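Working notes, structure below.
Bear in mind the structure is a predicted one, so any value in this text is a computation, not a measurement.
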Amino acid sequence: MNPAQTIAQQFLQQYYNTLMTNKMGLIQFYTDASHMTYGGQQHDGLKQINEKLESLAFQKIAYKIDDMDVQPGALENSLFIFVTGSLQMDDAEAYKFSQSFQILPNGQGGLYVHNDIFRLVY
């Protein structure tokens with residue numbers, strides 16, 4: 001496994017574990033420069049992303065990643081990650097999803113989500 005794959009796997013594990021245990025904790029992955037598209041609706045910056053996270057109505061959610069692809073990003077130490085998998089909200093049926101992330105250096109030795117695109121696959 002190359003270093004980019006290792007970083008991507010660590011990021012995804014932390015991201016989805018946070019979503020499953022404390023969805024509002026996801027805001028720590030974003031900055032005011034971040035963009036999230038969720039089901040075709042775009043949310044820009046911390047305020048709009050936080051509002052979207054608050055609007056997610058599930059009480060519990062479980063994720064299973066089926067596959068992941070990662071490429072080096074345009075900036076040094078950045079990554080582009082594409083994920084496919086399934087999720088189950090509360091006790092509803094499971095849905096397939098795809099999600100892509102562009103993660104960039106945050107200037108403090110870590111990474112942040114600059115772009116996040118999520119879509120349920122029906």
Side-chain angles (χ1 to χ4, degrees):
M1 183 177 307
N2 69 44
Q5 289 173 315
T6 301
I7 293 167
Q9 282 188 333
Q10 291 170 349
F11 165 78
L12 293 173
Q13 181 178 9
Q14 187 177 9
Y15 184 91
Y16 290 119
N17 282 343
T18 301
L19 180 57
M20 289 187 287
T21 59
N22 174 22
K23 70 181 173 190
M24 294 312 298
L26 282 182
I27 201 67
Q28 70 182 330
F29 291 89
Y30 301 91
T31 71
D32 274 329
S34 298
H35 307 278
M36 171 192 281
T37 301
Y38 188 93
Q41 296 181 338
Q42 187 164 326
H43 311 279
D44 300 314
L46 285 173
K47 183 178 185 295
Q48 289 183 16
I49 292 170
N50 193 61
E51 288 170 356
K52 179 59 188 173
L53 294 174
E54 287 176 344
S55 77
L56 298 174
F58 60 83
Q59 297 301 311
K60 64 180 180 175
I61 191 167
Y63 274 85
K64 179 181 174 285
I65 295 174
D66 293 334
D67 209 356
M68 172 200 74
D69 292 304
V70 62
Q71 295 178 350
L75 300 176
E76 187 174 345
N77 298 319
S78 67
L79 297 174
F80 181 76
I81 305 167
F82 179 72
V83 180
T84 59
S86 58
L87 63 88
Q88 185 173 14
M89 294 177 279
D90 298 322
D91 294 321
E93 66 180 283
Y95 293 96
K96 294 287 188 180
F97 76 94
S98 62
Q99 190 164 14
S100 59
F101 299 95
Q102 179 176 225
I103 56 175
L104 303 179
N106 65 8
Q108 301 169 355
L111 299 167
Y112 78 96
V113 176
H114 187 75
N115 300 92
D116 174 0
I117 301 173
F118 175 88
R119 175 88 53 176
L120 290 175
V121 179
Y122 298 102

Next item on the list: Side-chain contact test, heavy atoms from C-beta onward, threshold under 4.5 Å: evaluate it for L120 versus F118 and give yes or no.
Entry: yes

Margin query: Hydrophobic clusters here meaning ILVMFWY residues chained together by side-chain heavy-atom distances under 4.5 Å, can you tell me if Y112 and L46 are in one?
Written below: no

Check: Rounded to the nearest 0.5 Å, how far does OH of Y15 lie from CD of Q28?
Finding: 10.5 Å

Checklist line | Nearest-0.5 Å distance that lies between atom CD in Q88 and atom CE in M20 | finding: 12.0 Å

Next item on the list: Salt-bridge test for D91 and K60: reply yes if a basic N is under 4.0 Å from a carboxylate O, no otherwise.
Entry: yes

Check: For S34 and T31, which heavy atoms make the closest approach, and how far apart are they?
Finding: OG-N, 2.8 Å

Checklist line | Hydrophobic cluster identity match, I7 and L75, side-chain contacts under 4.5 Å | finding: no

Notebook entry, point to check: Does I117 share a hydrophobic cluster with V70, counting links as ILVMFWY side-chain heavy atoms below 4.5 Å and allowing steps through other members?
Noted result: no

Item checked: Reported OH-to-CG distance for the pair Y30 and N115, which is rounded to 0.5 angstrom -> 10.5 Å

Checklist line | OG on S55 to CD on Q41, rounded to 0.5 Å | finding: 8.5 Å

Check: Can you name the residues that form a side-chain contact (heavy atoms from CB on, under 4.5 Å) with Q14, not counting sequence neighbours?
Finding: T18, F29

Item checked: Side-chain heavy atoms of Q71 within contact of D69, under 4.5 Å -> no

Checklist line | Backbone of A4 reached by a side-chain donor or acceptor of N2 within 3.5 Å | finding: yes

Next item on the list: Give a yes or no on whether M68 and F101 share a hydrophobic cluster (residues Ile, Leu, Val, Met, Phe, Trp, Tyr; joining criterion: side-chain heavy atoms under 4.5 Å apart).
Entry: yes

Notebook entry, point to check: Centres of the H114 and H35 rings: under 6.0 Å?
Noted result: yes

Item checked: Evaluation steps, side-chain contact (heavy atoms from CB on, under 4.5 Å), between F11 and L111 -> CA-CA 9 Å; F11 165 78; L111 299 167; 5.9 Å; no

Note to self: Tell me whether Q13 at atom CD has more than 12 heavy atoms from other residues, nucleotides or ligands lying less than 6.0 Å away.
What the structure shows: no

Note to self: Any donor-acceptor pair under 3.5 Å linking the side-chain atoms of Q42 with those of D44?
What the structure shows: yes

Next item on the list: Just do the side-chain contact (heavy atoms from CB on, under 4.5 Å) check on F58 and L19 with the steps written out, would you?
Entry: CA-CA 11 Å; F58 60 83; L19 180 57; 4.0 Å; yes

Next item on the list: Return yes if some donor-acceptor pair links the side-chain N/O of D66 with the main-chain N/O of T84 below 3.5 Å, else return no.
Entry: no

Note to self: Between Y38 and D116, is the side-chain contact (heavy atoms from CB on, under 4.5 Å) condition met? List the steps.
What the structure shows: CA-CA 8 Å; Y38 188 93; D116 174 0; over 6 Å; no

Next item on the list: Would you kindly say whether Q99 and Y63 are connected by a side-chain donor-acceptor distance under 3.5 Å?
Entry: no

Check: Under a 4.5 Å side-chain heavy-atom rule over Ile, Leu, Val, Met, Phe, Trp and Tyr, are I81 and F97 clustered together?
Finding: yes

Margin query: Once side-chain contact (heavy atoms from CB on, under 4.5 Å) is applied, do any residues pair with L53, and if so which ones, sequence neighbours excluded?
Written below: M24, L26, I27, M36, I49, L56

Checklist line | Straight-line distance of S100 OG to R119 CZ, nearest 0.5 Å | finding: 11.0 Å

Check: Shortest non-hydrogen contact from D90 to A57?
Finding: OD2-O, 4.5 Å

Notebook entry, point to check: So does E51 have more than 12 non-hydrogen atoms from other groups sitting under 6.0 Å from CD?
Noted result: yes

Next item on the list: First locate atom CG of N77, then atom CD1 of I103, and finally report the distance between them rounded to the nearest 0.5 Å.
Entry: 10.5 Å

